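Below: one structure, written as structure tokens.
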Amino acid sequence: MKKKVVSLLVAAMTVASLTACGNSGSDAPAANPAPAPAESEPAPAPEPAESEAPAPAESEAESEAPAPAADGEVISVGFAQVGHESDWRAANTKNYQDTFSAANGYELSFVDCDNDHAVQIETVRGFIEQELDYICIAPIQSAGWDTVLQEAKDAGIPVLIVDRAVDADPSLYTTALGCDMVAEGEAAGNWLAEYLNGEDANILVIEGSVGASATLGRTEGFNNIVSQNANWKVLDSQSGDFTQAGGQEVMESFIKSYSDFNVVVCQNDNEAYGAMDAMDAAGITYGVDGDVTIISFDATHDGLQYTLDGKITCNVECNPLQAGFAAEVIQKLQAGEAVDAWTLVVDEAFVAPGITSNYAVTMSQEVLDGRAY
Ligand code: GYE
């Protein structure tokens with residue numbers, strides 16, 4: 001079907017370009033696009049640098065299944081997904097496939113881009129050639145998007161940037177949605193400062209994939225807090241590519257190079273599983289009763305099981321159930337309504353039992369039982 005949304009998009013994009021200049025206390029908008037209000041709402045006050053997660057612009061992440069297309073017409077949606085690197089990604093993919101189902105009135109063209117930026121660009125080009133109604137992109141890396149986004153814009157196809165952010169002018173796409181990665185990194189750092197209570201920290205960081213906004217944002221946010229603690233030292237920071245094998249490999253090499261560390265930050269749960277395997281093999285103890293404190297991100301079901309078990313001491317959530325937001329945007333555009341430039345998916349942090357924190361929820365079996373991913 002062809003759209004009646006083009007003129008509406010011009011209005012929405014104007015809002016986007018007017019409102020997307022602030023951010024929640026960092027200076028890296030690519031990794032942390034500022035939450036933009038709906039047209040009718042006042043702009044949110046900027047967050048201080050050491051803030052906790054910013055106030056949500058939108059509702060809870062877990063949304064109901066979307067209503068089928070109002071006019072009964074099938075809506076074609078292309079989704080250029082990052083790949084299949086992690087449990088988080090698997091949950092995110094399933095959520096898109098469930099949400100953009102035929103029963104809900106969609107025809108989803110799903111492409112797993114296997115963490116290859118060039119493949120992802122060509123995938124988007126293919127969606128443009130097929131004249132799909134909407135394109136969702138979960139960007140593998142934040143840079144290098146201007147040309148293909150311009151092509152989509154020229155073709156009049158609305159683009160939703162989902163999960164991760166792009167380093168491109170917001171006028172080139174319709175809307176963006178996802179978690180605030182800088183705030184996640186700051187939450188991890190703030191929790192650590194509270195937990196260590198003045199103790200020295202010798203920190204090793206296993207980063208996510210190079211150039212991904214999730215990596216850039218979590219690194220930046222955590223470093224914001226490192227710089228406030230004179231007795232913290234980041235000994236090394238290397239990419240584990242958001243995979244278990246990558247986390248294990250990086251941790252093994254860290255163990256060879258460093259003998260005196262007491263904190264390991266893993267930028268997702270799968271990397272943490274690999275890091276724990278490497279420490280087990282080397283006889284290094286970790287967790288609330290061990291020598292090394294592990295911080296992780298994602299807070300997937302298995303990651304939170306390790307948190308409940310006291311192995312991962314703090315786990316900062318990033319909710320992968322985001323497809324409902326994308327469907328909501330598409331339904332609004334279908335109805336000729338304006339959409340927000342940015343939708344924040346809200347998340348929180350969790351800590352092992354026995355720990356209380358101003359920055360995180362203490363883990364319990366109930367929390368784990370309620371975890372859908
Ligand atoms: O943390 C990681 C995944 O972009 C937020 O990508 C996402 C990250 C998530 O591979 O597990």
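The structure presented is a predicted model; accordingly, all values stated were derived computationally and were not measured. Atoms within a ligand are numbered from 1 in the order they appear, just like the ligands themselves.
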N/O to N/O below 3.5 Å, does that happen between Arg89 and ligand 1?
->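 Yes, since at least one N or O of Arg89 sits under 3.5 Å from an N or O of ligand 1.
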Top protein contact for [atom], by heavy-atom distance:
atom: atom 5 (C) of ligand 1; result: Asp163 OD1, 3.3 Å
atom: atom 10 (O) of ligand 1; result: Glu85 OE2, 2.4 Å
atom: atom 11 (O) of ligand 1; result: Asp298 OD2, 2.6 Å
atom: atom 4 (O) of ligand 1; result: Arg164 NE, 2.8 Å

Are any of the side-chain heavy atoms of Thr300 and Leu304 separated by less than 4.5 Å?
->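 They are not in side-chain contact.
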Distance, nearest 0.5 Å, that separates [atom1] of [X] from [atom2] of [Y]:
X: Met251; Y: Gln248; atom1: CE; atom2: CD; result: 11.0 Å
X: Ser296; Y: Tyr273; atom1: OG; atom2: OH; result: 7.0 Å
X: Ser213; Y: Gln141; atom1: OG; atom2: CD; result: 11.0 Å
X: Asn229; Y: Glu199; atom1: CG; atom2: CD; result: 12.0 Å

Provide the number and element of each atom of ligand 1 under 4.0 Å from a heavy atom of [X].
X: Cys318; result: 5 (C)
X: Ser86; result: 2 (C), 3 (C), 10 (O), 11 (O)
X: Met181; result: 5 (C)

Under 4.0 Å between heavy atoms, the region of Arg218 that gets near ligand 1 turns out to be side chain
Determine, stepwise, if the pair Asp163 / Gln81 fulfils side chain to side chain donor-acceptor pair (under 3.5 Å).
-> CA-CA 10 Å; Asp163 163 26; Gln81 175 63 295; over 6 Å; no
Salt bridge between Arg89 and Asp269, side-chain N to carboxylate O under 4.0 Å?
->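 Answer for the salt bridge query: no.
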